[in-house]
Amino acid sequence: MSAFHADIGFEFGIPDIVHGRPMSIDAGDLLGWFDNAERDLPWRAAGVTPWQILVSEFMLQQTPVARVLPLWTDWVARWPTPSATAAATPADVLRAWGKLGYPRRAKRLHECATVIARDFADVVPDDVETLEQLPGIGSYTARAVACFAYRKPVPVVDTNVRRVVARAVHGRADAAGPSAKRDHADVTALLPDSARAARFSAALMELGAIVCTARSPRCDSCPLRERCRWRLAGSPSADGPRRPAQRYAGTDRQVRGRLLDVLRDKEFSVTRAEIDVAWPMDAVQRERALASLLDDGLVEQLADGRFALPGQDRNDSTASR
DNA sequence: CAGACGTGGGG
DNA sequence: TCCCCAAGTCT
């Protein structure tokens with residue numbers, strides 16, 4: 001048993017053999033599990049278009065599935081294509097986004113739709129390089145779209161994948177700092193034949209999302225438990241320093257959220273006074289938050305000094321002429 | 001590269 | 001209650 005453990009040289013890229021099979025993650029194990037455990041998420045249904053998948057990826061950035069679920073279906077029914085989305089005003093899009101969080105994503109999604117409608121004939125690009133150039137699309141989202149919408153065998157690395165790889169392959173309690181080059185190399189090495197690669201990536205993410213979770217992993221029901229290096233090493237706890245938890249209460253982010261909330265709820269524009277009551281405690285902070293919202297294009301000031309969501313319909317009785 | 005950027009639910 | 005964290009992107 002001790003000799004067994006001695007063979008686990010996870011400091012090196014040696015493809016160790018356990019029970020006659022390669023170490024780390026076996027595609028068959030993972031895919032077999034996924035066939036039964038896959039969640040029935042609406043954006044995975046047959047007939048969902050690349051654009052609609054892209055919308056789900058925007059919404060899922062730093063946001064739990066449970067909070068995206070109630071929004072996505074109505075959203076894609078209302079704006080099924082890039083051109084339909086582009087035809088809406090940013091204000092419409094920001095309102096539909098509601099309190100999903102990080103409203104800049106909504107703005108970028110609208111910008112992304114505009115570019116795709118105008119420059120790509122309303123067709124979402126299928127290659128990572130092109131996708132990465134679009135507003136709001138970074139390395140993860142570009143790969144997710146290429147993989148999940150177009151079935152391309154590209155590595156898709158999100159926080160779930162990084163955690164699963166850190167544990168199962170590297171024997172660490174959690175992922176080290178992100179490193180695109182290393183992360184992609186890690187996953188590329190795991191990818192099975194191109195026919196199964198896309199589903200493998202979906203399965204890897206799914207495992208991290210519902211089994212190999214950050215807080216309390218359910219190793220007992222993990223399809224990788226027999227060869228997971230972290231588990232074989234005795235599931236050691238994390239060693240490195242915890243990065244300080246980010247505060248929210250009292251931050252500019254909270255103020256921005258509060259101000260935007262006022263604008264979302266008003267049908268037309270609002271006065272400076274209405275902005276002020278949304279955050280009366282600190283005028284300096286309030287002005288800073290408002291300025292940043294203006295700067296981000298999330299809010300605009302009208303000629304009469306009132307504030308509104310960008311592209312907001314001004315045709316109300318109080319609008320100046 | 002560290003820090004900003006929303007929001008709310010679960011342990 | 002408080003803290004952690006959830007399919008990242010941009011500067």
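Throughout, a chain's letter reflects where its sequence line sits, starting with A, and its residues are numbered from 1. Keep in mind the model is a prediction, meaning the values are calculated, not measured.
- The separation between A:L60 atom CG and C:dT9 atom C1' is 15 Å, rounded to whole Å.
- Residues A:Y102 and A:L94 do not share a hydrophobic cluster, defined by chaining ILVMFWY side chains whose heavy atoms lie under 4.5 Å apart.
- The interatomic distance linking A:M59 (CE) with B:dC5 (P) rounds to 23 Å, in whole Å.
- Between the C1' atom of C:dA7 and the CD atom of A:Q62 lies a distance of 9 Å, rounded to the nearest Å.
- Across all strands shown, A:S56 has no heavy atoms under 4.0 Å from either base or sugar-phosphate atoms.
- Hydrophobic clustering places A:M281 together with A:L290 (ILVMFWY residues linked when any side-chain heavy atoms are closer than 4.5 Å, directly or through intermediates).
- For the atom pair CH2 of A:W33 and CG of A:L207, the computed distance is 4.5 Å after rounding to the nearest 0.5 Å.
- Nucleotides C:dA7 and B:dG11 place their P atoms 15 Å apart, quoted to the nearest Å.
- A:R264 has a side-chain polar atom (N or O) that falls below the 4.0 Å cut-off from OP1 or OP2 of B:dT7.
- Between the side chain of A:R105 and the base of B:dA4 there is no donor-acceptor pair of N/O atoms closer than 3.5 Å.
- Near DNA chain C, meaning a heavy atom under 4.0 Å from it, residues 63-76 of chain A has A:P64, A:V65 in order of number.
- Distance from the side chain of A:A214 is smallest to C:dC5 among C:dC5, B:dG6, C:dA7.
- Nucleic acid contact class of A:D296 (heavy atoms, under 4.0 Å, all strands): none.
- At a threshold of 4.0 angstrom between heavy atoms, the contacts of A:W97 with the nucleic acid are absent.
- Under 3.5 Å, the side chain of A:R215 and the base of B:dG11 form no donor-acceptor pair of N or O atoms.
- The separation of B:dC1 from C:dG8, taken at their C1' atoms, amounts to 15 Å, rounded to a whole angstrom.
- Nucleotides C:dT9 and B:dG8 place their P atoms 23 Å apart, quoted to the nearest Å.
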Taking it one step at a time, do A:R258 and A:D261 satisfy salt bridge (Lys or Arg N to Asp or Glu O under 4.0 Å)? CA-CA 5 Å; A:R258 206 60 72 77; A:D261 205 28; over 6 Å; no

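- For A:R105 and A:E57, the salt-bridge test fails: no basic side-chain N is under 4.0 Å from an acidic carboxylate O.
- Per the geometry, CG belonging to A:D261 stands 7 Å off P belonging to B:dT7, to the nearest Å.
- Under the 3.5 Å distance criterion, with hydrogens and angles disregarded, no donor-acceptor pair is assigned to the side chains of A:Q52 and A:W43.
- The residue A:S216 sits apart from the nucleic acid: no heavy atom pair falls under 4.0 Å.
- A salt bridge links A:R104 and A:D296; the closest N-O separation between the charged side-chain nitrogens and carboxylate oxygens is under 4.0 Å.
- No engagement by A:L293 is indicated, since no non-hydrogen atom pair under 4.0 Å with the nucleic acid exists.
- Among the heavy atoms of the strands, none lies under 4.0 Å from A:A144.
- Among the protein residues, A:T251 comes within range of no part of the nucleic acid, since none of its heavy atoms lies under 4.0 Å from any strand.
- Between the side chains of A:R256 and A:S292, a donor-acceptor pair is found at a separation under 3.5 Å.
- Position along DNA chain C of the nearest nucleotide to A:M205 versus A:P135 favours A:M205 as the more 5'-ward residue.
- At C:dG8, none of the side-chain N or O atoms of A:Q61 fall inside 4.0 Å of OP1 or OP2 (strictly under the cut-off).
- Nucleic acid contact for A:G138: sugar-phosphate only, since backbone atoms but no base atoms lie under 4.0 Å from a heavy atom of the residue.
- Note: CG (A:L54) to P (C:dA7) measures 18 Å, nearest angstrom.
- Nearest-nucleotide positions on DNA chain B place A:P178 closer to the 5' end than the other of A:R258 and A:P178.
- In this structure, the CG atom of A:L131 is 11 Å from the P atom of C:dT9, given to the nearest Å.
- Comparing atom distances between the A:Y248 side chain and each of C:dG8, C:dC3, B:dT7 picks out B:dT7 as nearest.
- Phosphate proximity of C:dA6 to A:R163: present, with a side-chain N or O under 4.0 Å from OP1 or OP2.
- Across the protein-nucleic acid pair, A:R218 atom CZ and B:dG10 atom P stand 14 Å apart, rounded to whole Å.
- When the nucleotides C:dC5, B:dG6, C:dA7 are ranked by their closest atom to the side chain of A:R253, B:dG6 comes out on top.
- Note on A:R162: every side-chain N or O is 4.0 Å or more away from OP1 and OP2 of C:dA7.
- In terms of the side-chain hydrogen bond (donor to acceptor under 3.5 Å, both in side chains) criterion, A:T251 has no residue partners (sequence neighbours excluded).
- As rounded to whole Å, 16 Å separates atom P of B:dA4 from atom CG of A:D295.
- Using a 4.0 Å cut-off, no side-chain N or O of A:Y140 falls inside it from OP1 or OP2 of C:dT9.
- Using a 4.0 Å heavy-atom cutoff across all strands shown, A:I137 reaches sugar-phosphate atoms only and no base atom.
- Listed by chain and number, the residues in a ring pair (Phe, Tyr, Trp, His ring centres under 6.0 Å) with A:W230 amount to none (sequence neighbours excluded).
- Within 4.0 Å of A:R44, counting heavy atoms only, lies at least one base atom of the nucleic acid.
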